[in-house]
Amino acid sequence: MSRDHLQPAPLRSPEASYLELLARDASVEAYEQPVLLARAEGRTAERIAALEQARLLALRVRAELEGRRRREAELSALFETAHDLAGLRDLDAVLQAIVQRARSLLGTDVAYLTLNDPTHDDTYMRVTEGSVSARFQQLRLGLGEGLGGLVAQTTRPYVTDDYFQDARFQHTLTIDAGVRDEGLVAILGVPLMLGPHVIGVLFAADRRARVFERAQIALLGSFAALAAAAIDTANLLGETRAALAGLERANEIIRDRSAVIERASDVHDRLAELVLRGGGVHDVAAAVSEVLDGTVEFTDTGAAPPEALKASRAEGHAVRHGRDWIAPVAAGGELLGALVLRGHPGLDPVDQRTLERAAMVTSLLLLARRSAAEAEQRVRGELLDDLLDARDRDPRLLRERAARLHADLAATHVVLAARLDGPAADADEEAAARRRLGAAASHLAATRQGLAAARDGGTVLLLPLGTGGSATEVARRTAHDLGAAVRQPVTVGASAPVTDLAVHPEAVAAAYTEGRRCLDALHLLGRAGDGAAAEDFGFLGLLLAGDRDVAGFVDRTVGPVVTYDERRGTDLLHTLDAYFACGMSPARTKDALHVHVNTVAQRLERVGRLLGTDWQTPARALEIQLALRLRQLAAPGRR
């Protein structure tokens with residue numbers, strides 16, 4: 001065998017192999033191959049460790065990409081369904097599309113939709129997808145029976161991991177036979193609501209045991225809301241056709257209804273276009289304002305009339321409030337705000353539906369924006385967590401990750417520890433307040449090109465220090481901004497400025513410790529809701545600062561006197577030391593220095609000009625004496 005065959009293959013960077021795997025969307029198992037190959041070729045332990053680290057990072061990136069693709073697919077399906085609803089022509093086609101998309105996105109074996117039949121006082125199978133049993137597809141069951149009956153009674157989603165072992169709902173021979181014939185085990189059901197009434201149930205089911213995640217339950221609930229809206233729209237159109245057929249003045253009614261429907265179609269087209277091109281909430285309000293010939297505004301939950309919101313959510317429709325109309329903007333059980341039509345007391349049913357559809361589209365846009373914000377918040381938090389916890393990160397990789405978030409780790413930064421102040425009614429309220437603080441901190445970090453993460457019951461921020469700024473200014477401004485955002489006092493402690501964090505990530509953890517000391521000091525001093533840095537506490541700052549900046553404290557306290565002596569060749573510092581040694585008595589000081597008392601007075605007057613007129617107050621005098629003593633200890637040869 002030749003020597004060439006004994007040589008190992010040329011080395012490639014650890015990242016290159018995994019970037020190729022990411023580029024071709026390889027399976028998880030493929031990420032083991034570079035490490036196994038390196039071991040088989042007898043590579044060094046350092047090389048194998050580098051490959052292991054690159055593998056873990058690549059798998060994280062792959063998982064993140066898969067999660068984003070999944071969220072994009074979910075939002076795309078919701079937008080497509082909303083678009084189908086806006087141009088509703090065939091109710092069966094829309095419901096079939098909803099069931100198909102629900103089954104595909106949740107990855108279940110079967111999805112199906114049942115509707116209540118008031119005429120026969122029972123429930124029947126309306127649409128199925130993935131079903132193989134004819135008996136199952138033709139099921140009719142009494143109201144209140146089976147898992148669907150439990151969902152209808154409680155108007156809440158229910159999930160069972162093992163249908164036949166679950167005793168929470170009423171089993172019947174007919175239902176159990178159909179479920180057994182289909183081979184279903186795990187079933188999730190969410191209600192189809194029209195106002196306070198349940199008109200049916202949307203299901204997703206597997207032929208094996210399975211735990212449905214909260215996000216999957218919420219997604220199926222969104223599809224159920226769209227299915228209910230499609231049925232409601234179809235019912236409205238059916239009622240309109242029946243009314244037109246039964247009225248003698250058909251031509252006049254057709255003209256009136258055509259104008260209204262044309263406006264509705266116009267706004268539906270506009271809303272669909274807004275969704276497709278990524279419009280915002282205020283764009284939706286502006287489009288509906290034009291169609292309804294009024295002023296439509298989006299308001300936060302706290303700004304909308306609470307009694308009108310409550311009535312609107314109970315009825316499932318927009319309601320009149322004085323001369324305004326209120327339509328809630330909600331996603332599942334969460335109220336996100338409201339659309340308010342101002343000064344328009346007269347509103348026909350179709351225009352009312354238009355306002356309600358606009359509220360639904362607004363909720364979809366808000367959910368999409370929230371998903372994007374949460375994704376960016378996670379990425380920013382992960383980078384800051386890595387800076388705080390891991391000290392062996394690659395500086396180049398840290399800089400690249402920060403650059404993608406528009407943050408510059410080479411700039412001077414301040415690390416801030418923030419914590420809420422004020423009592424909480426219970427654990428749930430406290431958790432909600434912390435979530436609001438985290439969201440506000442993430443938004444603040446994004447706008448200031450910094451980072452934020454939740455930690456130790458509060459929030460830590462890494463914010464750049466502007467030219468000419470100070471850590472104290474950043475802390476106070478941050479405390480004010482966060483407090484205004486969460487409507488609750490927020491206390492903020494800041495570190496001394498830190499630099500070059502990509503090369504020295506360990507400085508972030510030390511700075512965070514210093515910031516927490518300042519935060520604790522503010523609480524002990526009764527300054528809740530304020531912001532400060534170690535430099536604000538005088539000599540106490542020496543105890544708070546992570547690096548015990550003795551030289552900085554001395555310079556801030558007596559630096560002007562030292563500089564004056566060095567430039568003028570005077571001896572003010574020695575005079576100041578003697579003055580304190582003589583009990584702050586000018587008479588005894590002149591004896592110790594062997595000068596006239598007027599000379600002592602002139603020197604002390606000059607000291608006052610350099611240090612400020614309050615330099616002899618007890619607090620300032622204590623700091624000055626401590627600074628003089630520390631200066632002598634730092635350089636024993638000095639007087």
Side-chain angles (χ1 to χ4, degrees), residues 78 81 85 95 98-99 102 106 108 111-127 139-161 163 166-172 175 179 186-205 212-236 301 306-319 326-336 338 353 356-357 359-360 363-364 367 428:
L78 288 174
T81 304
L85 179 58
L95 294 180
I98 288 174
V99 173
L106 269 67
T108 57
Y112 53 99
L113 184 148
T114 63
L115 290 180
N116 295 346
D117 187 348
T119 304
H120 297 86
D121 198 27
D122 66 359
T123 299
Y124 66 99
M125 194 73 69
R126 182 69 163 80
V127 182
L139 271 180
R140 296 190 72 96
L141 48 144
L143 296 175
E145 296 177 352
L147 179 63
L150 182 62
V151 174
Q153 288 175 351
T154 62
T155 69
R156 295 174 53 191
Y158 267 88
V159 61
T160 177
D161 299 334
Y163 175 87
D166 201 328
R168 292 177 299 170
F169 47 86
Q170 179 182 352
H171 288 266
T172 68
I175 302 175
V179 172
I187 304 176
L188 164 64
V190 296
L192 276 67
M193 305 287 297
L194 280 184
H197 305 294
V198 178
I199 63 170
V201 180
L202 178 61
F203 296 88
F212 288 93
E213 299 176 356
R214 181 175 298 180
Q216 294 173 324
I217 298 174
L219 177 61
L220 194 64
S222 297
F223 278 119
L226 292 174
I231 295 170
D232 187 25
T233 301
N235 292 339
L236 178 60
T301 304
E307 64 278 7
L309 281 177
K310 183 178 180 181
S312 180
R313 299 193 74 188
E315 297 177 12
H317 295 289
V319 298
I326 310 296
V329 176
E334 182 181 3
L335 186 62
L336 305 176
R353 289 283 187 262
E356 293 164 2
R357 297 297 181 272
M360 180 183 297
S363 69
L364 291 176
L367 286 175
D428 291 339

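Quick caveat, the model's predicted, so the values are computed rather than measured.
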Legend entry - Contacts of Asp161 that satisfy side chain to side chain donor-acceptor pair (under 3.5 Å) - sequence neighbours left out: none

Inset, instruction - Output, in order, the C-alpha distance, side-chain angles, deciding distance and verdict of ring-ring contact (aromatic ring centres under 6.0 Å, His included) for Tyr158 and Phe212. - result: CA-CA 10 Å; Tyr158 267 88; Phe212 288 93; over 10 Å; no

Legend entry - Side-chain touch Ile187/Val159, heavy atoms, less than 4.5 angstrom: no

Inset, instruction - Answer whether the closest heavy-atom distance between the side chains of Thr123 and Leu115 falls below 4.5 Å. - result: no

Inset, instruction - Please say which of Leu220, Val201, Val190 ends up in a side-chain contact (heavy atoms from CB on, under 4.5 Å) with Pro157. - result: Val190

Legend entry - Heavy-atom closest pair, residues Leu226 and Ile98: C-CD1, 3.9 Å

Inset, instruction - Look up atom CD1 in Ile231 and atom CG in Leu194, then write down how far apart they are to the nearest 0.5 Å. - result: 7.0 Å

Inset, instruction - Answer whether the closest heavy-atom distance between the side chains of Leu143 and Asn116 falls below 4.5 Å. - result: yes

Inset, instruction - Output the distance between atom CG (Leu192) and atom OG1 (Thr155), rounded to the nearest 0.5 Å. - result: 12.5 Å

Legend entry - Least distance between heavy atoms, Gly144 atom then Gln153 atom: CA-NE2, 3.9 Å

Legend entry - Check: Thr114 and Arg126 side chains under 4.5 Å, non-hydrogen atoms: no

Inset, instruction - Would you mind reporting whether Leu147 and Thr160 have side-chain heavy atoms less than 4.5 Å apart? - result: yes

Legend entry - Contacts of type side chain to side chain contact (heavy atoms under 4.5 Å, CB included), residue Asp117, not counting sequence neighbours: Thr119, His120, Asp122, Tyr124, Arg140

Inset, instruction - Could you please spell out the steps behind the side chain to side chain contact (heavy atoms under 4.5 Å, CB included) verdict for Leu188 and Ile217? - result: CA-CA 8 Å; Leu188 164 64; Ile217 298 174; 4.0 Å; yes

Inset, instruction - Begin with the C-alpha distance, continue with both residues' side-chain angles, and end with the deciding distance and a verdict on side chain to side chain contact (heavy atoms under 4.5 Å, CB included) for Leu219 and Leu106. - result: CA-CA 8 Å; Leu219 177 61; Leu106 269 67; 3.6 Å; yes

Legend entry - Heavy-atom pair of closest approach, residues Val99 and Ala111: CG1-O, 3.3 Å

Inset, instruction - Examine distances only and state if a side-chain atom of His171 and a backbone atom of Glu145 form a donor-acceptor pair shorter than 3.5 Å. - result: no

Inset, instruction - Measure the spacing between CG of Leu95 and CZ of Phe223 and express it to the nearest 0.5 Å. - result: 12.5 Å

Legend entry - Taking every non-hydrogen atom, the tightest pair across Thr108 and Ala205: CB-O, 3.3 Å

Inset, instruction - Would you check if Gln170 and Leu150 make a side-chain contact, meaning some heavy-atom pair closer than 4.5 Å? - result: no

Inset, instruction - Tell me, yes or no, whether the heavy-atom count around Arg168 atom CZ, taken from other residues, nucleotides or ligands under 6.0 Å, exceeds 12. - result: yes

Legend entry - Met193 vs Val198 side-chain heavy atoms within contact, under 4.5 Å: yes

Legend entry - Heavy-atom pair with the smallest gap, counting every atom of Leu202 and Ala224: CD2-N, 3.7 Å

Inset, instruction - For the residue pair Tyr112 and Phe203, categorise the inter-ring angle as parallel (less than 30°), tilted (30 to 60°) or perpendicular (more than 60°). - result: parallel

